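Remarks on the structure that follows.
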Amino acid sequence: MICHCIAFLAGFLLDLILGDPHWLPHPIRLIGKGIGFLEKKLNQGDHRVARGAWMTILVLIITVAVIAAIVIVAYRIHPIVGVIVELILTYYALALRSLRSESMKVYRCLKADDLEGARKAVSMIVGRDTEPLDQNGITRAAVETVAENTSDGIIAPMIFLAIGGPVLGFFYKAVNTMDSMVGYKNDRYLLFGRASARLDDVFSFVPARVTAFLMLVSCLFAGKEFHFSEARRIYRRDRLNHASPNAAQAEAVCAGALGIRLAGDASYFGQMVKKPYIGDDTRPIEDEDIKRTNRLMLWTAVLCEVICLVVLLVIWAV
């Protein structure tokens with residue numbers, strides 16, 4: 001347990017410091033390439049739902065087997081080697097620094113009045129079409145993805161890492177990566193991606209709500225720009241204003257805390273998708289809201305890390 005706690009904390013700190021340099025090989029990108037390869041091979045002909053389910057099972061089995069083998073071998077070599085390998089895998093499973101870095105690229109382009117650069121930057125972190133977006137639309141897309149991915153990219157994997165180490169952490173990352181790649185409701189993925197999307201809904205259900213709670217508490221510490229009472233009100237009202245049962249949880253807290261309106265209709269693969277709004281249009285959204293959302297994300301992540309470590313140490317002590 002002590003080795004696990006050391007690796008859990010060190011991996012989190014390493015992510016805060018380094019993020020995900022593009023030149024560094026990343027296992028999540030490798031998982032993504034595997035998903036892309038299987039999708040091309042299997043997403044054709046009849047029985048698309050079953051084919052998608054088989055892809056989901058295959059990806060999860062391979063991911064869990066490889067990560068488990070790496071961790072077991074490392075700890076059998078020496079506990080120090082095990083801790084080093086576990087902290088590196090923990091670092092790879094988290095995306096706090098990279099999410100902040102990518103969203104701040106959008107912020108800097110907007111500040112420089114470079115709308116084309118901002119559209120290109122935001123297209124790297126969102127799934128919607130970015131060509132039709134104006135400055136407010138670009139800002140809103142960046143804020144939404146930081147808020148939503150506070151759960152998917154940070155809090156959810158952190159919880160699974162705390163419970164089951166890199167094996168369970170990468171299990172979740174594989175589920176979430178499949179959903180982000182094939183979980184769309186369009187002609188190509190509606191049937192094939194159904195199993196991946198449903199599985200992501202299941203495994204993200206509790207973490208999404210934990211994220212919303214921690215983000216709500218973080219409003220008390222993050223600064224005077226964040227309004228706790230409004231965050232709580234909008235969360236209660238709008239937390240289910242999304243086709244996914246989980247996606248609007250953190251977005252609702254963020255929208256209420258900042259006094260802005262998020263979501264609404266968006267274009268995906270050239271097709272406009274009707275979506276309800278999240279939050280009230282108390283004031284116009286502005287570029288600085290990207291920085292504010294990142295600050296809220298950081299406080300939420302730190303709070304989750306501390307709570308997880310305390311729980312793990314209490315369990316060890318008992």
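For clarity, every value in this text was computed on a predicted model and none was experimentally measured. Throughout, residue positions are numbered sequentially from 1 according to the sequence presented.
Cluster membership check: I72 does not share its hydrophobic cluster with L89, using side-chain heavy-atom separations under 4.5 Å among Ile, Leu, Val, Met, Phe, Trp and Tyr. L240 and I234 end up in different hydrophobic clusters when Ile, Leu, Val, Met, Phe, Trp and Tyr side chains are linked at under 4.5 Å. Neither I57 nor V182 shares a network with the other; the hydrophobic side chains, linked directly or stepwise wherever heavy atoms of I, L, V, M, F, W or Y lie under 4.5 Å apart, form separate groups for each. Under a hydrophobic-cluster definition in which Ile, Leu, Val, Met, Phe, Trp and Tyr are linked whenever side-chain heavy atoms come within less than 4.5 Å, directly or via other members, V85 and I2 are assigned to the same cluster. Both V81 and Y92 are part of a single hydrophobic cluster, where members link through side-chain heavy atoms under 4.5 Å apart.
Judged by the 6.0 Å and 45° rule, R188 forms no cation-pi pair with Y184. Taking the ring axis of Y235 as reference, the NZ or CZ atom of R239 stays within 45° of it and closer than 6.0 Å to the ring centre.
Two residues are said to be in side-chain contact when any heavy atoms from C-beta on lie closer than 4.5 Å; I155 and I159 meet this criterion. Contact check for L296 versus R292: no side-chain heavy atoms found under the 4.5 Å cut-off. You'll find the side chain of L298 stays beyond 4.5 Å of the side chain of R100, heavy atoms only. Residues F170 and I31 form a side-chain contact, since some pair of their non-hydrogen atoms from C-beta on lies under 4.5 Å apart. A 4.5 Å side-chain heavy-atom check between Q44 and L42 finds every atom pair outside the cut-off. The shortest side-chain heavy-atom distance between H26 and L30 does not fall under the 4.5 Å cut-off. Residues Y172 and D200 meet the side-chain proximity criterion, which asks for heavy atoms closer than 4.5 Å. With a 4.5 Å cut-off on side-chain heavy atoms, L303 and F221 do not count as touching.
Side-chain atoms of S123 come within 3.5 Å of backbone atoms of K120 as a donor-acceptor pair (strictly under, hydrogens ignored). Under the 3.5 Å distance criterion, the side-chain polar atoms of N241 are matched with a main-chain donor or acceptor of Y277. Judged by distance alone, the side chain of N294 and the main-chain N or O of I290 form a donor-acceptor pair under 3.5 Å. With hydrogens and angles disregarded, no donor-acceptor distance shorter than 3.5 Å links the side chain of R51 to the backbone of N43. Not one N or O on the side chain of D289 forms a donor-acceptor pair closer than 3.5 Å with the backbone of I285. Side chain of R97 to backbone of L16: a donor-acceptor contact under 3.5 angstrom is found. Side-chain atoms of R295 do not come within 3.5 Å of backbone N or O of K291 as any donor-acceptor pair. D15 places a side-chain N or O within donor-acceptor distance of the main-chain N or O of L96, the cut-off being under 3.5 Å. Under the 3.5 Å distance criterion, the side-chain polar atoms of R233 are left unmatched by any main-chain donor or acceptor of G256. A donor-acceptor contact shorter than 3.5 Å is absent between the side chain of N149 and the backbone of D152.
V146 and S103 get closest at one heavy-atom pair: CG2-CB, 3.6 Å. M215 approaches A147 most closely through the heavy-atom pair CE-O, 4.2 Å. Scanning all heavy atoms of the two residues, the minimum distance from L313 to C5 falls at CD2-SG, 3.9 Å. M297 and T150 get closest at one heavy-atom pair: CG-OG1, 3.4 Å. The shortest heavy-atom contact between F160 and P207 is CE1-CG, 4.0 Å. Between W316 and M1 the shortest heavy-atom distance is CB-CG, 3.3 Å.
Around atom CG of D187, no more than 12 heavy atoms belonging to other residues, nucleotides or ligands sit under 6.0 Å away. Other residues, nucleotides and ligands place more than 12 heavy atoms under 6.0 Å from the CZ atom of F228. Atom CG of L58 is surrounded by more than 12 heavy atoms from other residues, nucleotides or ligands within 6.0 Å.
Under the 3.5 Å distance criterion, with hydrogens and angles disregarded, no donor-acceptor pair is assigned to the side chains of E286 and N136. Side-chain contact annotation: Y107 with T139, donor-acceptor N/O pair under 3.5 Å absent.
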Pair L161-L168, side chain to side chain contact (heavy atoms under 4.5 Å, CB included): steps then yes or no: CA-CA 6 Å; L161 285 163; L168 201 55; over 6 Å; no

From CA spacing to verdict: side chain to side chain donor-acceptor pair (under 3.5 Å), S196, Y189: CA-CA 10 Å; S196 298; Y189 297 122; over 6 Å; no

Side chain to side chain contact (heavy atoms under 4.5 Å, CB included), that's the test. Do L258 and T282 meet it? Break it down for me. CA-CA 9 Å; L258 293 175; T282 305; over 6 Å; no

Output, in order, the C-alpha distance, side-chain angles, deciding distance and verdict of salt bridge (Lys or Arg N to Asp or Glu O under 4.0 Å) for R237 and D280. CA-CA 11 Å; R237 191 190 73 187; D280 292 334; 2.7 Å; yes

Verify side chain to side chain contact (heavy atoms under 4.5 Å, CB included) between I35 and M55, making sure each step is shown before the conclusion. CA-CA 8 Å; I35 294 168; M55 184 204 73; 4.2 Å; yes

Assess whether side chain to side chain contact (heavy atoms under 4.5 Å, CB included) is satisfied between T130 and I138, documenting all intermediate values. CA-CA 7 Å; T130 58; I138 294 168; over 6 Å; no

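Rounding to the nearest 0.5 angstrom, the gap separating the CG atom in L262 from the NZ atom in K275 is 11.0 Å. The NE2 atom of H4 sits 12.5 Å away from the CG atom of L87 when rounded to the nearest 0.5 Å. Note that the NZ atom of K33 and the CD1 atom of I28 stand 13.0 Å from one another [nearest 0.5 Å]. Atoms OG and CZ, on S218 and F226 in that order, are 9.5 Å from each other to the nearest 0.5 Å. Between the CG atom in L110 and the NZ atom in K105 there is a gap of 14.5 Å [rounded to 0.5 Å]. Here S244 contributes atom OG and Q249 contributes atom CD; the two are 8.5 Å apart, rounded to the nearest 0.5 Å.
Ring centroid separation for the pair F203 and F171 comes in under the 6.0 Å cut-off.
Among D281, V143, T293, the one residue that satisfies the side-chain contact (heavy atoms from CB on, under 4.5 Å) test with I260 is V143.
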